[in-house]
Novice: 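Right, I'll just put the structure down here and ask away after.
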Amino acid sequence: MAPRVRFAPSPTGFFHVGSARTSLFNWLYARHTGGTFVLRIEDTDTERNRDEWQAGILSAMDWLGLSYDEGPYLQSSLIGDHTAAAEALYDAGHLYACDCTREAIDERKKDAAKPGYDGFCRDRGLPRSSQTALRFAVPRDGETVVHDVIRGDVTFANVNYEDFVVVRPNGVVLYPLANLVDDRSIRISDVIRGEDLLPTTPKQIMMWEALNNCAGVEAVPLPRYAHLPMLVNEQRKKLSKRKDPVAVESYRDQGYLPEAFVNYLALLGWSPRSGEELVSRDVLVEQFALEDVSHSPAFFDVKKLTHLNGEYLRAMPLETFIEAARPWVAPWSSSWRPTTPPPWSEREFDEDLFARVAPLVQERLTTLGEVPAMVGFFFTEVTLDEAAFEKTIGSDPLGQTMLAVAIERFGGLTWSATTLHEATAELGEALGLALRKAQAPIRCAVTGTLVGPPLFESLEILGRETVLTRLHDALARVSA
RNA sequence: GGUCCCAUCGUCUAGUGGCCUAGGACAUCACCCUCUCAAGGUGGAGGCACGGGUUCGAAUCCCGUUGGGACUGCCA
């Protein structure tokens, strides 16, 4: 039977790169096997749950192209199932009432050999009330084995587990059971999730099997488990929402492409058998195998992501690139827009002009967010880099001469990149300047900086009038 | 503290007992190309955590040590 996998985020913050990776691996597995990818939102933590986070998850998944086949199911709408399962477990004697307070437990724990709850109420036969939680009676002996697809069999001795709380005094069923009941209801066959959940898996297996033996409960086969290695930061700690730059949305904002992001994420903890690193989504789907997932944690390296992004950017057909850049260069005509607007106005911007400029910048970018700064001088006044001006013009008489002769020569020139190139070379030569030196003051005067797109093509596009004006302005600035 | 997981260049990884003088990619350094900056090309430096076994032979298998991490909630 085709696998059924699920991604079950809780909407308690920005969509996290770790979650994105988990989601991607589930998606890849489903697509590779022809299975079903189910989305379930675990929205039962009313304290931290927020609608905007939920919308954020959906939009980030959409951006990454992680399409789901079923759902989204809302965990909050499945609460009836959770309660029914808890009742069945209670009736079968797997759950018992406990009225111990945290303080009482901690007090007894002081001189106990083992930390955690000591099973104090297990045999007290307390009646259920609004003051009692329900705990799962963990077998005192034996062991539970997790048959993990990635790690092999992992054995846990049952004595290491305390009788954990399953239902709060107010009747709310807690995560370990709720999550498992939903997986049963939705008939999940393969649970692919972060390694941080490996130690709690035995609890879920115990409850799953207990449930299968309860009267009136349909037996459901245990899912296969696959625990993915963690994503860590430079300190080798699990990525933290608080301290690490993990919001997927912020990568989109900076101008990373979804294809590059997906490609990079897939390479964290997995590598295709072909050994290639630039891997299209189709090839990812074709080659992905859970068995090939690595065992050790991976560091999320933005530098490598950035490199990959540059590769994707350069590989794009020009028209695709122009459209991809739209949110950054013409946000007013885009349905989605980054937080930082371009330094020009809608009136100043010119679509056709940008189309001519685009090929000049496409190959020198790593992210789309860099576009506005790189092409700003085409659409608005130059933003002068003072240090660059001082170096090439302000304190350099030859630079000033260069500007003066250029103004004279450019005035009567047939206007093209080639002729501008030749003219500049000749003028420089006459002054004993190599082309790299000769072009610097012109570049600075016209673009404001010493680095940028190819100069002569830029001059051609900018036009004689603008170029001459800027050369004059730069010269005037010296005498001022 | 307890339980569990993990361990190849700085980083992501290839490697499943001989093909390993350990391969690739990012980052880094040098040079080339070049109107700047990129891109590209060429080359360099850089790693099997340690100690025992097993074996004719170990990065690869076993044990131990060390190191790192996760979990240990009436959050999800």
Side-chain angles (χ1 to χ4, degrees), chain A residues 8-12 42-45 47-49 75 98 100-102 105 113-117 132-135 146 148 150-151 154-157 159-162 164-170 172-176 178-179 194-202 227 229-230 232 234-238 264 267-278 294-308 310-311 314 361-366 370 374 388 392 417 420-421 424-425 428 434-440 442-444 447 449-459:
Chain A
S10 59
T12 54
E42 306 212 324
D43 60 343
T44 44
D45 184 347
E47 298 283 303
R48 300 189 298 160
N49 182 18
Q75 187 166 58
C98 168
C100 294
T101 59
R102 188 73 247 170
I105 294 168
K114 213 167 54 133
Y117 182 69
T132 57
L134 255 32
R135 288 181 183 271
V146 179
D148 193 281
I150 295 170
R151 280 153 222 286
V154 185
T155 305
F156 297 85
V159 282
N160 293 315
Y161 290 89
E162 58 178 331
F164 52 92
V165 172
V166 173
V167 185
R168 277 188 194 154
N170 65 7
V172 170
V173 173
L174 268 6
Y175 165 77
N179 172 269
E195 190 196 342
D196 48 346
L197 293 171
L198 184 54
T200 65
T201 306
H227 288 94
M230 302 311 305
V232 299
E234 300 90 320
Q235 285 77 240
R236 298 256 124 203
K237 305 261 193 214
K238 179 173 153 180
Y264 179 65
L267 258 25
L268 288 177
W270 177 80
S271 63
R273 294 199 169 159
S274 64
E276 300 293 319
E277 297 216 314
L278 199 65
S294 81
H295 299 183
S296 42
F299 169 60
F300 185 86
D301 186 359
V302 182
K303 287 212 183 82
K304 187 152 183 174
L305 201 213
T306 302
H307 169 81
L308 215 47
E311 298 256 30
R314 273 174 257 124
V361 298
Q362 181 179 4
E363 56 187 315
R364 14 181 72 73
L365 292 170
T366 58
E370 294 164 0
M374 207 170 276
T392 59
L420 284 159
H421 189 158
T424 306
L435 185 53
R436 54 177 291 117
K437 283 285 186 185
Q439 59 90 38
I442 298 174
R443 177 183 293 278
C444 183
T447 74
T449 77
L450 261 25
V451 300
L455 182 62
F456 305 111
E457 283 79 355
S458 299
L459 297 183

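The sequence lines fix the lettering, A, B, ..., with proteins before strands; numbering per chain opens at 1. The shown structure was predicted, so the numbers you read here are calculated from the model rather than taken from an experiment.
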Novice: If B:A76 has a Watson-Crick or G-U wobble mate with both distances under 3.5 Å, name it; if not, just say none.
Specialist: none

Novice: Does A:Met374 form a side chain to side chain contact (heavy atoms under 4.5 Å, CB included) with A:Leu365? I'd like the steps, not just the answer.
Specialist: CA-CA 9 Å; A:Met374 207 170 276; A:Leu365 292 170; 3.9 Å; yes

Novice: What heavy-atom pair brings A:Gly428 and A:Ala438 nearest, and what distance separates the two atoms?
Specialist: CA-CB, 3.7 Å

Novice: Protein within reach of the bases, or only the backbone? For nucleotides 3-12 of chain B, mark each nucleotide 5' to 3' as B, S or -, using heavy atoms under 4.0 Å.
Specialist: SSSSS---SB

Novice: When the nearest nucleotide of RNA chain B is assigned to A:Leu305 and to A:Gln235 on a heavy-atom basis, which residue is associated with the more 5' position?
Specialist: A:Leu305

Novice: Checking all strands, does A:Thr424 fall into the base, sugar-phosphate, or nothing category for heavy-atom contacts under 4.0 angstrom?
Specialist: nothing

Novice: Taking atom P in both B:G52 and B:U11, what distance in whole Å separates the two?
Specialist: 26 Å

Novice: Sticking with atom P, work out how far B:A49 lies from B:U13, rounded to a whole angstrom.
Specialist: 15 Å

Novice: Can you tell me the base-pairing partner of B:A14? Count Watson-Crick or G-U wobble geometry only, both distances below 3.5 Å, and say none if there is no partner.
Specialist: none

Novice: Identify the two heavy atoms, one from A:Glu42 and one from A:Pro11, that lie closest to each other, and give their separation to 0.1 Å.
Specialist: O-CD, 3.4 Å

Novice: May I ask you to decide if A:Thr366's main-chain N or O and A:Glu370's side chain share a donor-acceptor pair within less than 3.5 Å?
Specialist: yes

Novice: Give one of base, sugar-phosphate or nothing for A:Glu47, where a contact means two heavy atoms less than 4.0 Å apart.
Specialist: nothing

Novice: In whole angstroms, how far is the C1' atom of B:C26 from the CD atom of A:Glu234?
Specialist: 15 Å

Novice: Considering only the C1' atoms, how many Å lie between B:C74 and B:G67, rounded to the nearest integer?
Specialist: 36 Å

Novice: Quick one: do the A:Thr424 and A:Gln439 side chains pair a donor with an acceptor below 3.5 Å?
Specialist: no

Novice: Give none if B:U65 has no partner; otherwise give the nucleotide forming a Watson-Crick or G-U wobble pair with it, both distances under 3.5 Å.
Specialist: B:A49

Novice: Say you pick atom C1' in B:G46 and the same atom in B:A27; how far apart are they, in whole Å?
Specialist: 12 Å

Novice: Nearest whole angstrom, please: distance from the P of B:U13 to the CG of A:Leu278.
Specialist: 18 Å

Novice: Quick one: what's the B/S/- string for nucleotides 31-46 of chain B, heavy-atom cutoff under 4.0 Å, read 5' to 3'?
Specialist: ----BBBBS-------

Novice: Of all the heavy-atom pairs spanning A:Ala298 and A:Gly269, show the shortest one and how long it is.
Specialist: CB-N, 4.3 Å

Novice: How would you label the contact of A:Cys100 with the nucleic acid (heavy atoms, under 4.0 Å): base, sugar-phosphate, or nothing?
Specialist: base

Novice: Measure from CZ on A:Arg102 to P on B:C75 and round the result to the nearest Å.
Specialist: 11 Å

Novice: Write down the distance separating the C1' atoms in B:G47 and B:C37, rounded off to the nearest Å.
Specialist: 34 Å

Novice: Drop me the distance from A:Ser458's OG to A:Ile442's CD1, to the nearest 0.5 angstrom.
Specialist: 12.5 Å

Novice: Does B:A25 have OP1 or OP2 under 4.0 Å away from a side-chain N or O of A:Lys303?
Specialist: no

Novice: Taking any strand in view, what nucleotide pairs with B:U28 in a Watson-Crick or G-U wobble way, both distances under 3.5 Å?
Specialist: B:G44

Novice: Distance check, P atoms only: B:G51 and B:G24, in whole angstrom units.
Specialist: 27 Å

Novice: Partner of B:U60 by Watson-Crick or G-U wobble geometry, both contacts under 3.5 Å, or none?
Specialist: none

Novice: Mind listing the closest non-hydrogen atom pair of A:Glu234 and A:Phe299 along with its distance?
Specialist: N-CE1, 3.3 Å

Novice: Check whether any side-chain nitrogen or oxygen of A:Lys237 sits under 4.0 Å from OP1 or OP2 of B:G69, and answer yes or no.
Specialist: yes

Novice: Less than 4.0 angstrom between a side-chain N/O of A:Ser271 and OP1 or OP2 of B:A14, yes or no?
Specialist: yes

Novice: Expressed as a whole number of Å, how far does the C1' atom of B:C61 sit from that of B:G15?
Specialist: 15 Å

Novice: Starting at atom CD1 of A:Ile105, determine the distance to atom P of B:U72, rounded to an integer number of angstrom.
Specialist: 15 Å

Novice: Under 4.0 Å between a Lys/Arg side-chain N and an Asp/Glu carboxylate O for A:Arg151 and A:Glu195?
Specialist: yes

Novice: On a heavy-atom basis, which atom in A:Asp196 and which in A:Met230 lie closest, and how many Å separate them?
Specialist: N-SD, 3.4 Å

Novice: I'd like to know if the side chain of A:Tyr264 and the backbone of A:Asp301 have a donor-acceptor N/O pair within less than 3.5 Å.
Specialist: yes

Novice: Under a 3.5 Å cut-off for both distances, is B:U3 Watson-Crick or wobble paired, and to whom?
Specialist: B:A70

Novice: Sticking with atom C1', work out how far B:A22 lies from B:U8, rounded to a whole angstrom.
Specialist: 8 Å

